[in-house]
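Just below is one structure, and these are the notes that go with it.
In what follows, chains are A, B, ... by sequence order, proteins preceding strands, each numbered from 1.
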2 protein chains.
Amino acid sequence: MARAVSETHGEILAAAARRFAVTGYRGTSLQDIAREVGCSKATVLYHFANKEALLAELMAPAIGVLRDLDDQLAGRTGTAAQELAAAGFVDLAVRFRREIAVLRGEFPELLCQPAFAHIQEISDRLRDALAGHSDRPGARIAALVLLAGISEACAEFADIPDDELRAALLALVRRAVEPVDAP
Amino acid sequence: MARAVSETHGEILAAAARRFAVTGYRGTSLQDIAREVGCSKATVLYHFANKEALLAELMAPAIGVLRDLDDQLAGRTGTAAQELAAAGFVDLAVRFRREIAVLRGEFPELLCQPAFAHIQEISDRLRDALAGHSDRPGARIAALVLLAGISEACAEFADIPDDELRAALLALVRRAVEPVDAP
DNA sequence: CTACTTTCTGACCGATCGGTCAGGGTCTGA
DNA sequence: TCAGACCCTGACCGATCGGTCAGAAAGTAG
């Protein structure tokens with residue numbers, strides 16, 4: 001009972017997104033995904049070269065937006081960098097809540113995979129921008145707390161509407177970020 | 001070549017703490033721990049009933065302090081609750097950085113284990129206190145962002161002295177927490 | 001009809017996981 | 001001297017993991 005072309009492909013992708021978000025990448029087996037779709041594990045591996053490729057396709061849109069943000073951030077300094085980093089990351093985290101949830105806690109290992117090359121550097125630059133490119137420990141610590149906390153909050157508050165969550169997070173960041181010294 | 005009583009026990013505990021903090025609970029095998037200690041996997045399971053018991057003994061001190069904080073928090077309201085929750089959790093997170101790192105991202109599954117019963121409720125109460133027992137979404141979101149972010153920051157900034165990290169985190173929390181409405 | 005492609009599957013593979021077990025070495029007290 | 005407690009280990013177990021493969025089923029083009 002072969003289905004229409006690429007229909008199963010999308011179903012597998014959707015099922016994987018749901019499972020990964022709940023039980024994590026390592027905590028979800030190909031068998032789990034196949035069961036949710038209603039096909040065999042071999043079918044999953046017919047549509048995707050391997051488990052890693054499945055994850056890579058799942059994260060691609062979010063990573064694209066992150067790269068765009070990184071490009072826009074290049075060259076900006078001080079308050080302008082802080083503002084863009086805050087607004088850009090909050091928006092990204094709210095829109096890609098599920099993708100963010102997938103990475104929860106598995107960051108270090110997943111970053112070793114070629115599909116996620118440079119993500120570590122990009123998020124380092126993002127953190128640096130949110131700190132206003134300051135090297136004061138207080139500013140760097142605040143930036144990390146906020147970025148990590150926002151990720152966690154977006155993964156957790158799945159029931160809050162986008163607008164409301166975005167507004168609350170932005171207000172929090174503006175309150176919490178260490179102001180840059182006037183030049 | 002049997003060693004002195006309980007010497008190996010402590011070495012296994014220390015090795016497990018190190019490995020768990022880096023690669024997580026699920027990402028660390030008993031074989032990994034045994035290799036780091038320089039003994040066999042069977043020896044690890046001679047000293048600890050199972051992998052879960054090893055984790056439980058590792059987390060016991062941190063959990064004890066968390067319970068104490070929860071007790072002190074009971075009954076307090078408004079600003080007093082916020083202050084104590086902030087100071088108490090920041091101190092706990094800084095002191096037990098490694099234990100906090102272990103739980104990174106594996107919270108939901110680990111909480112199912114009997115050794116961690118009620119931890120979820122305690123951290124819910126802690127979050128509620130930090131939000132000043134307010135039900136405004138902004139306050140609840142800020143509290144979650146801060147608690148999660150602090151955990152992440154403590155796990156990441158292993159090189160910063162306790163005092164400095166604690167001061168920076170406390171300053172951040174005081175800036176970021178939504179003030180409670182005056183009664 | 002036949003020949004070919006696409007989709008899908010059960011059976012199987014090697015590796016690794018947490019955990020068990022019988023037994024060997026060493027120390028100690030009677 | 002010798003029995004027993006303590007510490008430790010190699011060999012092994014069943015389960016599960018990601019991944020492979022030959023081939024069945026169904027649609028399509030000639």
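In this structure, a donor-acceptor pair under 3.5 Å is absent between the side chains of B/H47 and B/E57.
Residue A/S29 has its side chain nearest to D/dG18 when only D/dT9, C/dT9, D/dG18 are considered.
Side-chain contact between B/F48 and B/H9 is present, with at least one heavy-atom pair separated by less than 4.5 Å. Contact annotation: the side chain of A/L58 approaches that of A/L13 to within less than 4.5 Å [non-hydrogen atoms, C-beta and beyond].
Contacts of residues 15-22 of chain B with DNA chain D (heavy atom under 4.0 Å): none.
Annotation for A/R140: atom CZ does not count as buried by contact number, only 12 or fewer foreign heavy atoms lying within 6.0 Å.
Put simply, CZ on A/F48 is 15 Å from P on D/dG18, counting in whole angstrom units. Nucleotide C/dT7 holds its P atom 7 Å from the NE2 atom of A/H47, rounded to whole Å. Whole-Å rounding puts the B/R35 CZ to C/dC17 C1' distance at 13 Å. B/I12 has its CD1 atom 7 Å from the P atom of D/dC8, to the nearest Å. Between the C1' atom of D/dG18 and the CD1 atom of A/I33 lies a distance of 11 Å, rounded to the nearest Å. With rounding to whole Å, B/E7 atom CD is found 15 Å from C/dC27 atom C1'. Taking atom CZ of residue A/R26 and atom C1' of nucleotide C/dC17, one finds them 13 Å apart after rounding to whole Å.
Contact annotation: B/T43 does not reach the phosphate of D/dC8 (side-chain N/O to OP1 or OP2, under 4.0 Å). At D/dC8, none of the side-chain N or O atoms of B/Y46 fall inside 4.0 Å of OP1 or OP2 (strictly under the cut-off). One finds a side-chain N or O of B/T8 lying less than 4.0 angstrom from the OP1 or OP2 phosphate oxygen of D/dC8.
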**Study point:** Test log, rule side-chain hydrogen bond (donor to acceptor under 3.5 Å, both in side chains), inputs B/D124 and B/Q120
**Key:** CA-CA 6 Å; B/D124 283 349; B/Q120 180 66 61; 3.1 Å; yes

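Salt-bridge formation is not detected for the pair A/D128/A/R125: no Lys NZ or Arg NE/NH1/NH2 atom is positioned less than 4.0 Å from an Asp or Glu carboxylate oxygen.
In this structure, the side chain of B/K51 engages the main chain of B/Y25 through a donor-acceptor pair within 3.5 Å.
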Side chains of residues 83-97 of chain A: which donor-acceptor pairs under 3.5 Å do they make with residues two or more places apart or in other chains?
unit_1: A/E83; atom_1: OE1; unit_2: A/R174; atom_2: NH2; d: 3.1
unit_1: A/E83; atom_1: OE2; unit_2: A/R174; atom_2: NE; d: 2.9
unit_1: A/D91; atom_1: OD1; unit_2: A/R166; atom_2: NH1; d: 2.6
unit_1: A/D91; atom_1: OD2; unit_2: A/R95; atom_2: NH1; d: 3.1
unit_1: A/R97; atom_1: NE; unit_2: A/V94; atom_2: O; d: 3.3
unit_1: A/R97; atom_1: NH1; unit_2: A/F157; atom_2: O; d: 2.6
unit_1: A/R97; atom_1: NH1; unit_2: A/I160; atom_2: O; d: 2.9
unit_1: A/R97; atom_1: NH2; unit_2: A/I160; atom_2: O; d: 2.9
unit_1: A/R97; atom_1: NH2; unit_2: A/D162; atom_2: OD1; d: 2.5

Give me the distances for all protein-to-nucleotides 19-22 of chain C N/O pairs that come in under 3.5 Å?
unit_1: C/dG19; atom_1: OP2; unit_2: B/K51; atom_2: N; d: 2.8
unit_1: C/dG19; atom_1: N7; unit_2: B/K41; atom_2: NZ; d: 3.3
unit_1: C/dG19; atom_1: O6; unit_2: B/K41; atom_2: NZ; d: 2.7

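Here the closest heavy-atom approach between residue B/V145 and residue A/I150 is recorded as CG1-N, 3.9 Å.
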